[in-house]
Amino acid sequence: MSTSDFEIRPVGTARERRTFLTFPWRIYRSDPLWVPPLLPEREKALDPRYGVFFRRGGEAECFIAWRGRKPVGTICAAEDKFANERRHTNECIFGFFEYIEDYAVFEALVGRVISWARRRDLDALRGPFNLDYEDSYGVLLEGRDRPPALFCGHTPPYYQDFMERYGFLPARGDNLAYEIDASAPGLKRLSALAERVRQRGGITVRGADLSRWDEEVDRVYRLINVALAHLPDHTDWHRETLEAMLRPFRDIVDPELVLFAEVNGETVGWLPGIPNLNEALIHANGLRYPWNYISLWWHMRRQPECLAIKSVLVPPAYWGTGVAVLLFDEMLRRAVAKGYKWADLSLTSDDNPNTPILAERIGARVYKRYRVYRLDIA
């Protein structure tokens with residue numbers, strides 16, 4: 001099918017924006033494992049008045065591929081000036097990238113983004129990211145037998161095929177989602193090691209104090225850039241971006257499962273556990289219609305089976321001291337006591353060896369694999 005059968009147009013009107021945001025329902029309508037994104041949150045993220053990406057100086061434009069009056073694909077091109085400056089790169093990020101199983105549509109959407117990037121003297125594409133680097137990160141390579149956990153994406157098999165057919169290459173090591181349950185054999189070893197760390201003393205673990213929200217966010221902010229600076233594509237976080245990411249969970253998290261490690265009053269570790277809201281959101285249809293709120297309310301009443309553990313932050317000065325061991329042991333003890341059946345540990349890159357090594361030592365196994373791609377266009 002030739003590209004003349006359809007055209008790529010920028011999103012301009014409110015109706016086109018709605019079409020752009022709801023297009024994924026056309027791709028995944030027959031996929032029972034897909035967790036629809038929350039439309040109110042997506043609308044806010046793409047609104048230059050409210051979206052955190054825009055407030056930190058980013059620029060973006062959204063496009064729809066039309067075949068006649070029917071949408072057949074979407075993509076968003078964006079320039080994150082802050083990240084490019086910090087990483088000394090000149091990249092265009094792309095996301096909201098959904099398309100029917102038609103390579104010509106894929107090719108035309110990528111071509112439009114390349115043109116957009118070249119007009120801004122950008123020399124590479126990187127993605128997919130939905131503006132927020134933590135939202136639906138990458139293309140799913142393995143693990144289509146189960147729904148994704150919170151913040152993780154879900155894509156059809158042909159997405160990977162089309163990306164690699166076009167010439168996209170992995171931007172970094174693949175990103176891994178691990179799972180672990182209370183029967184994992186490594187937990188006994190973890191418990192024994194953690195007990196030796198406790199007996200040695202010096203490290204304390206506490207839950208979050210949500211009544212002192214701003215102070216707790218400050219502690220995470222001071223920790224996150226130091227703890228992640230060793231990653232090859234790390235960009236320092238804005239405090240505003242961090243707070244915006246954490247704020248939606250303020251009224252949902254159990255503070256006893258958001259753990260801080262301290263040494264002499266200094267924060268040296270953070271391990272947050274969040275109920276896997278996707279177990280309820282998979283029934284909520286993205287809050288597309290008013291009655292979907294009733295369904296979400298009903299399913300939110302149930303105890304989730306999975307606890308999503310999205311990050312472990314320990315600065316390099318405290319690697320090998322037992323901080324991470326103590327945090328994980330305390331988290332898993334508390335989670336089991338509260339009725340969780342398993343934990344999702346995601347996402348971590350296989351080019352960040354510390355976390356995968358720890359996960360595998362405690363008996364966790366990889367159950368999903370994602371990939372972010374890069375394409376030179378200079």
Side-chain angles (χ1 to χ4, degrees), residues 24-25 27-28 31-39 41-42 45 76 93-98 126-160 163 170-181 228 231 233 244-246 248-249 252-253 257 271-287 296 299-300 304-313 331 335 340-352 355-356 359 364-373:
W25 273 256
I27 301 297
Y28 302 98
D31 189 338
L33 302 182
W34 179 58
V35 180
L38 289 177
L39 282 176
E41 294 300 316
R42 285 282 171 91
C76 179
I93 62 173
F94 63 94
F96 298 94
F97 194 19
E98 308 282 1
R126 187 184 189 89
F129 305 108
N130 293 342
L131 297 186
D132 178 350
Y133 294 99
E134 303 301 321
D135 180 15
S136 302
Y137 186 101
V139 171
L140 179 63
L141 306 185
E142 301 172 10
R144 290 187 181 85
D145 56 332
R146 294 161 63 180
L150 192 65
F151 288 138
C152 292
H154 184 75
T155 57
Y158 66 87
Y159 278 28
Q160 178 187 0
M163 295 289 287
R172 58 176 298 188
D174 289 345
N175 287 270
L176 314 174
Y178 285 85
E179 64 171 347
I180 188 168
D181 59 43
L228 300 181
L231 297 179
D233 61 350
M245 186 184 74
L246 298 178
F249 303 103
I252 297 170
V253 297
L257 296 176
L271 184 67
I274 308 169
N276 181 27
L277 302 181
N278 276 9
E279 293 178 33
L281 295 177
I282 198 171
H283 303 286
N285 197 34
L287 302 180
L296 178 59
H299 288 282
M300 286 288 287
E305 294 187 356
C306 169
L307 182 70
I309 300 175
K310 310 308 295 186
S311 180
V312 55
L313 302 179
M331 178 67 77
Y340 289 96
K341 295 182 179 180
W342 66 284
D344 159 81
L345 314 177
S346 64
L347 288 168
T348 185
S349 174
D350 59 10
D351 60 11
N352 174 26
T355 304
R365 71 176 188 88
V366 174
Y367 78 104
K368 288 184 183 290
R369 185 183 296 269
Y370 297 86
R371 180 172 295 165
V372 169
Y373 289 92

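Every residue two or more places apart in sequence or in another chain was checked for a ring pair (Phe, Tyr, Trp, His ring centres under 6.0 Å) with Y370, and none qualifies. With sequence neighbours left out, N278 forms a side-chain hydrogen bond (donor to acceptor under 3.5 Å, both in side chains) with no residue at all. Every residue two or more places apart in sequence or in another chain was checked for a salt bridge (Lys or Arg N to Asp or Glu O under 4.0 Å) with R144, and none qualifies. Shown here are the side-chain contact (heavy atoms from CB on, under 4.5 Å) partners of A244, two or more places apart in sequence or in another chain: V52, R247. The side-chain contact (heavy atoms from CB on, under 4.5 Å) check on A177 picks up D344, S346, L347, Y367, K368, with sequence neighbours excluded. Considering only residues two or more places apart in sequence or on other chains, W34 meets the ring pair (Phe, Tyr, Trp, His ring centres under 6.0 Å) condition with W25, Y28. Applying the side-chain hydrogen bond (donor to acceptor under 3.5 Å, both in side chains) criterion to E279, with sequence neighbours excluded, gives no partner residue. With sequence neighbours left out, the side-chain contact (heavy atoms from CB on, under 4.5 Å) criterion links E41 to L38. Applying the side-chain contact (heavy atoms from CB on, under 4.5 Å) criterion to A364, with sequence neighbours excluded, gives Y178, I180, L345, A359.
Each of L271, I274, N276 was compared with I309 under the side chain to side chain contact (heavy atoms under 4.5 Å, CB included) criterion, and only L271 meets it.
The aromatic rings of F249 and F151 sit perpendicular to each other, their planes meeting at more than 60°, with 30° as the lower class boundary.
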Would Q160 and T155 count as a side chain to side chain contact (heavy atoms under 4.5 Å, CB included) here? Give the steps.
CA-CA 9 Å; Q160 178 187 0; T155 57; over 6 Å; no
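To the nearest 0.5 Å, atoms CZ (F94) and SG (C76) are separated by 11.0 Å.
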